[in-house]
Amino acid sequence: MQLSLTNMRSGTHELRQALERGEVVELTFHGKVIGLVNPAATKNNTFDERVVKAYFNRREGDDPYAAIEQLKQARKGRGIK
């Protein structure tokens, strides 16, 4: 779901409903995504695959753990001696 900042005041009900459904909500300003609102993690689920897929722009069926491993490899550096 996308929600414009200008519609934020009148769209809080829709925002709450989307978060209760577990959707990631994109906040937009002048048509550009400026932030993500993620649903709170449940006690039993600390790793939410939907959040990783939305953040890393992954498709359904892609392994979300692979995205995290790619991020770790990118942050590791070149290992210059």
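Note that the coordinates shown come from a computational prediction; the quantities given were computed from them, not determined experimentally. Counting begins at 1 with the first residue of the sequence. These values consider heavy atoms only, across backbone and side chains, with no hydrogens, waters or symmetry-generated copies.
Residues forming a side chain to side chain contact (heavy atoms under 4.5 Å, CB included) with L5 (at least two apart in sequence, or on another chain): L27, F29, I34. T28 is linked by a side-chain hydrogen bond (donor to acceptor under 3.5 Å, both in side chains) to nothing, counting only residues two or more places apart in sequence or in another chain. Residues meeting the side-chain hydrogen bond (donor to acceptor under 3.5 Å, both in side chains) test with T12, sequence neighbours left out: none.
Taken to the nearest 0.5 Å, the CD atom of E23 stands 4.0 Å off from the CZ atom of R21. Here the straight-line distance linking atom CG of L19 with atom CE of M1 works out to 8.5 Å at 0.5 Å rounding. E26 CD to L3 CG: the interatomic distance, rounded to the nearest 0.5 Å, is 11.0 Å.
Side-chain atoms of V25 and L36, non-hydrogen and from C-beta on, never get closer than 4.5 Å to each other.
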